[in-house]
Amino acid sequence: MTTTEQLPTDVVVAARSGDRKAISALVTDHLPLVYNFVGRMLGRHADVDDVVQETMLRAVRDLPALREPSRFRPWLLAIARHQVTERHRSRHTVVSRTAPFDEESQEPDPATDFAGVTVLRLDMSAQRRQTAEATLWLDEDHRETLALWWLEAAGTLTRAEVAESMGLSVAHAGVRIQRMREQLELARTIVVALAAPVRCPGLTGALAGWDDVPGALWRKRIARHLRECDVCGAAGKTLIPTERLLASAGLIAVPIDLKSRIAALGKTSGTPVSLSAGKLVAAGSAIVTLAVALLVFIDRDPQPAPPLVAAAPPSVTTPVAAAPAPSPSVTPKSGTITTTTVSLPVPFAYRIPGYSGKQHSRRTPFAIAPNGTAWLAWLAADGTTVHVTPLGKDLKRRGDDVVVPGREASGLVAHDDGFALLTRRADPNGNTFGDSAAYLLRYRDGRQAWASLLTDAGTSTPMLVGDLAWNGTVYGAYFAVRDESGHFGDRLAYRSAAGRPVAGGWGWGCSHNTGIALAAEKKPPFASVCANDWKDGLFLNTGIGFPRPGAARLAHAECVAGYCGEPFGGDGGGYGNLVRFSDGRYLLAWQSRGWSRATPDPADDYGYLVTARWKNHNVAVTALKDSDEPAVPLTADPSTPAIRYLTSTATVDHVNVRIGRLGRDAFAVWDQVAVSGCSAGVCDGRYTGTYGQVLTATGAPVGAARKLGVQVGGDLAPLADGSLAWPFVDRTPDYRSRGKASPTTKTITIAVMTD
């Protein structure tokens, strides 16, 4: 009988005797449990990962002493409780010695606030977000109780296991849980009252002198006001019961870097490491054997990891290459990229000529579902079917492809039970050019649930080059169309969760549509950007009949023979050029030739005559304060602060520009090309690497750009733990020629960059 077929007690018994596979199974299965428990106990503290690692190492070390295998989980959580208590004790000791001299140093780092991470990592409803924020108002002992009860409410622990983990009887544990719940409900009411659009004067007065840091003293003061104020006191009466919220809240995924740190320790040392002490901790030979087994098997990869620049085998983790970027001249920042290679059942032609004939990466939509699983869509080389590949939370294949009749993969939304895909099929209305029609398809459990036709008589689409977005209730599909005269424009169509038309959008927008970007808002209209070849620029939230009068112009661009430099890469957008932050701000990134002159066109009441600044492209970023307006209005002055150029060389081309969310920041990436010649807004040359730059929400660089050692070929998708993932084909791109047939591949690699 294999380890995976054994009962849990059998696995514990085998692990207790030193079975490496059994140890691996225990660690893999219980690491999320420990991570969530410790994270919710520590709340604001920055050392969750260290405590989790200490817990797992001590559990492996002490496993031979466990007498009753059936009690493994309560025993493991008791170790975690002890480690948290020790961490609190050591922290209090340090505080008592240093507080008089440096009180500000004891403030927690918001970037490592576990409750804040909970808000970012879980796709929760507003009340589940408020519950996560409410945990910051709990006393430490109640936070410990909540950490266990949260796991019980989610169905991970039984009440008996909760009680045993606390070292109490079931009845006594119930009393403690009830007291915690009373404080939690008060805390939830406080959070709702504080978030009210218009705060009552009495509450404002009660908060006089508050430093915005939740604590017991202020909880009590606010509670007095809630008891006396009918308006604020009623804030908690409409709240959904907490246990109902927690029952649908899954475990937060363990950060990839925590797994990587443990794996790296196991592969470089024969003794376990105590990170809290920062020194190697000696142990007996039996303990060392168990600890090394834990560290080696945590990532299920017994082979040494080759350099990242080599062909990537499954689950390779290496530091990012640290070569300096020729343009700009910067010092690279270190980081970690994990790659996983996915095998394909049929060939994928991964390069495609763009609008200018210049080859670029064919669209490979990639999306993460709320439960942490993922879907990857790609067009088979025969051009008649789209394969949608299911991936697990580890981004490895978790089943056979769903094969969808379609001629393009142009937008993907991942759901827990399937996906929605923007594609094109034969036009049921017929058209002058023999073009396809645009369709939005919804698949559940491997079968088509519905198909919604997005084009109508008189319009068609030879290529979608668009994107698909979802706000939880409505889909937005943005794509290129052609009318019967042969002219190109774009269309934005909304559909309900059942595939029915939703009001809004437009039937004809940007001329020729040389680029599209789309992001969901709480309700239509969604944020959308187009690159227009008639009005000469990038436009925000365009409308019917070309950019509407007053539409925000984000940049000026020179167009040559209907071609404006393919600002979003290749033949259109949707690859990840527009990212939204939690406060409603956006960053847009594109490849730009800039302008040295932009004057109103006397023959056009809305167009400009533009002279490009460079023959090549540089990396441009602009910040939007919301879905309608740029943070800084654009002017004709080429030195306008509305646009930030991450590169500004005249000798190196920068293409394939993408941007995605990385933790609380953004991450812009681009390919760099040694130029051999440029004409009509496009350059040829030799690929010299893919570079990345961390940016704040305002577009300001954080640290320096760095060479990644991997390419970027598909959508950039943020993961629940703040990491950023994307698909690519691990072959050197060819930017030296145009229009030739695409090579094919039967593997796609998924890269994950940790925050």
Side-chain angles (χ1 to χ4, degrees), residues 2-4 21 24-32 35 121 250-264 266-267 295-306 308 310-318 336-346 348 350 364-378 387-403 409 412 414-419 445-446 710-730 745-754:
T2 65
T3 299
T4 56
K21 290 185 178 180
S24 169
L26 283 181
V27 171
T28 301
D29 291 344
H30 292 87
L31 188 57
Y35 178 72
R121 293 180 179 176
L251 298 182
I252 301 171
V254 180
I256 293 176
D257 61 339
L258 175 57
K259 295 182 180 180
S260 301
R261 283 166 56 189
I262 295 176
K267 293 173 181 176
L295 300 176
V296 170
F297 277 94
I298 188 70
D299 64 349
R300 304 294 185 97
D301 180 15
Q303 301 299 324
L308 191 57
S315 301
V316 177
T317 304
T318 72
T336 300
I337 291 181
T338 301
T339 63
T340 300
T341 299
V342 180
S343 297
L344 311 180
V346 297
F348 167 48
Y350 59 92
T364 47
F366 174 63
I368 309 298
N371 66 5
T373 60
W375 292 92
L376 173 70
W378 50 279
H387 284 243
V388 188
T389 304
L391 306 176
K393 296 179 181 180
D394 57 0
L395 300 183
K396 297 179 181 179
R397 178 183 284 278
R398 60 182 173 92
D400 295 334
D401 291 353
V402 178
V403 181
L412 182 71
H415 297 286
D416 290 348
D417 63 353
F419 58 86
D445 301 321
V710 296
Q711 294 109 52
V712 178
D715 298 351
L716 280 71
L719 301 181
D721 65 358
S723 301
L724 184 64
W726 64 84
F728 71 98
V729 173
D730 195 15
T745 182
K746 293 191 72 173
T747 60
I748 292 179
T749 302
I750 310 295
V752 177
M753 170 168 279
T754 57

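What's counted below: heavy atoms across the whole structure, side chains too, no hydrogens, waters or symmetry copies.
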### Query
Which residues pass the ring-ring contact (aromatic ring centres under 6.0 Å, His included) test with Tyr350, sequence neighbours left out?
none

Exercise: identify the closest heavy-atom pair between [X] and [Y]:
{"X": "Pro718", "Y": "Leu716", "result": "CD-O, 4.1 Å"}
{"X": "Leu412", "Y": "Ala367", "result": "O-CB, 3.7 Å"}
{"X": "Ala414", "Y": "Pro370", "result": "O-CD, 3.8 Å"}

### Task
Show the numbers, then the answer: is there a side-chain contact (heavy atoms from CB on, under 4.5 Å) between Trp726 and Met753?
CA-CA 9 Å; Trp726 64 84; Met753 170 168 279; 4.1 Å; yes

Beyond-backbone contact of [X] with [Y], side-chain heavy atoms, under 4.5 angstrom:
{"X": "Trp378", "Y": "Val346", "answer": "yes"}
{"X": "Gln711", "Y": "Val729", "answer": "no"}
{"X": "Thr745", "Y": "Phe348", "answer": "yes"}
{"X": "Ile748", "Y": "Leu344", "answer": "yes"}

### Message
Tell me whether the count of non-hydrogen atoms from other residues, nucleotides or ligands lying under 6.0 Å of CG in Asp417 goes above 12.
### Response
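Enclosed: over 12 neighbouring heavy atoms sit under 6.0 Å from CG of Asp417.
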
### Message
Please check: side-chain N/O of Arg398 versus main-chain N/O of Leu391, any donor-acceptor pairing under 3.5 Å?
### Response
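Checking the backbone N and O of Leu391 against the side chain of Arg398, a donor-acceptor pair under 3.5 Å is found.
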
### Task
Could you tell me whether the side chain of Asp715 and the main chain of Ala717 form a donor-acceptor pair under 3.5 Å?
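The answer is no, because no donor-acceptor pair under 3.5 Å joins these two groups.
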
### Summary
Across all chains, not counting sequence neighbours, the side chain to side chain donor-acceptor pair (under 3.5 Å) partners of His387 are Asp401

